[in-house]
Amino acid sequence: AMEFSALGTMDTDLKVSAQQLLVPSLTVGPSAVHLKVDRGRAVIDLSKMTLYEGQGSGTVVVNSRGSRPSMSANVTMKGVNVGTFAADLMGLTRLKGAGDVTMNVTTAGQSQADLVRGLNGTMRAALNDGTIEGVNLGQLARGVSNTYNQVRDGGLNALTVAQSLGQLSAAANGPAETTDFSALNVDVGITNGVVQSNTISLIGPYFDIQGDAMVDLPAQTMRMTLTPSVSDIDGEAKRALPVPIHVSGSYNDPKIGVD
């Protein structure tokens, strides 16, 4: 269980500037904090926060006045190393890149599991020049495009198509595979711990991918449907494919394939 009862015994108004803040699981550098506690309600004003090679600011509120403690966070981070941040905070190691993140979330509960199930709000992330490890979506999209061209030209039957798509999925997955991107933009809403996004945009050297996703944080599962547009290596205009890429399963070990 999470312990919030100590807030009810405190009343304080404190401003602190520090070279380092000790926050569980996070690395926070030079920061300026204004902490105000009034009858079990703590307001933490982060006017300046150095976080993972970037800068941040925002407000965090922890309220223990009622029978069910609640929390809220409205935070903006710019130029953050998102890969290291996600690895330290959530243990996610597949994403590398830097960018801007904004979140406005609320939750309530007595335990960490309660806080995850009670999470609601919005989050936006815009990353630049990064990689997704464990899968090569560009290779997969180009392979699907080549297969589609052969089907269109009458060179493959249904059985051969199914075998070809299975081989493409297997070849694009693995610890040595990576997806390089120049931009990744995600805009999500969160309801009772379930993250839903209708806006995912991934731009790479020879592909654009648009899609939607659902991540169930309490169950630690995910589902994504991605529609790629690809160009050949010689740089021909990108063309949308009628075959979507599906991602599903555990969000630390997802399964990736095509229809």
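When a residue number appears, it is its place in the shown sequence, counting from 1.
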(message) Just verifying a value: how many Å separate Leu226 CG and Ile209 CD1, rounded to the nearest 0.5 Å?
(response) 6.0 Å
(message) Quick check against the 3.5 Å criterion: does Gln196 have a side-chain atom that pairs as donor or acceptor with the backbone of Ala213?
(response) yes
(message) Within the structure provided, determine whether Val75 and Met49 are in side-chain contact (heavy-atom separation under 4.5 Å).
(response) yes
(request) Taking the side chain as every heavy atom from C-beta outward, state whether Asn185 and Thr199 have any atom pair closer than 4.5 Å. (result) no
(request) Classify the side-chain pair Ser201/Gln210 by whether it contains a donor and acceptor separated by less than 3.5 Å. (result) yes
(message) Applying salt bridge (Lys or Arg N to Asp or Glu O under 4.0 Å), can you list everything that pairs with Asp129, at least two apart in sequence or on another chain?
(response) none
(message) Which residues pass the side-chain hydrogen bond (donor to acceptor under 3.5 Å, both in side chains) test with Arg124, not counting sequence neighbours?
(response) Asp187
(request) Would you mind reporting whether Leu184 and Leu95 have side-chain heavy atoms less than 4.5 Å apart? (result) yes
(message) Quick check: do Leu202 and Phe207 have side-chain heavy atoms less than 4.5 Å from each other?
(response) yes
(request) Consider only side-chain heavy atoms of I, L, V, M, F, W and Y, link residues closer than 4.5 Å, and tell whether Met214 and Met103 are in one cluster. (result) no
(message) Which heavy atom of Val135 sits nearest to which heavy atom of Thr179, and what is that distance?
(response) O-OG1, 2.7 Å
(message) Are Leu46 and Val43 linked, directly or through intermediate hydrophobic residues, by side-chain heavy-atom contacts shorter than 4.5 Å (ILVMFWY only)?
(response) no
(request) Answer yes or no: is there a side-chain heavy-atom contact under 4.5 Å between Gln110 and Pro69? (result) yes
(request) Supply the atom-to-atom distance Phe181 CZ to Leu137 CG, rounded to the nearest 0.5 angstrom. (result) 11.0 Å
(message) Minimum heavy-atom separation for Gly109 and Leu115, please, with both atom names.
(response) N-CD2, 3.7 Å
(request) Output yes when Asp38 and Arg41 qualify as a salt bridge under the 4.0 Å nitrogen-oxygen rule, no when they do not. (result) no
(request) For residues Val101 and Val80, determine if any side-chain heavy atom of one lies less than 4.5 Å from a side-chain heavy atom of the other. (result) no
(message) For Asp212, is there an ion pair with Arg223 - N to carboxylate O distance below 4.0 angstrom?
(response) yes
(request) Of all the heavy-atom pairs spanning Val186 and Ser197, show the shortest one and how long it is. (result) CG1-OG, 4.1 Å
(request) Not counting sequence neighbours, which residues clear side-chain contact (heavy atoms from CB on, under 4.5 Å) with Asp100? List them please. (result) Lys78
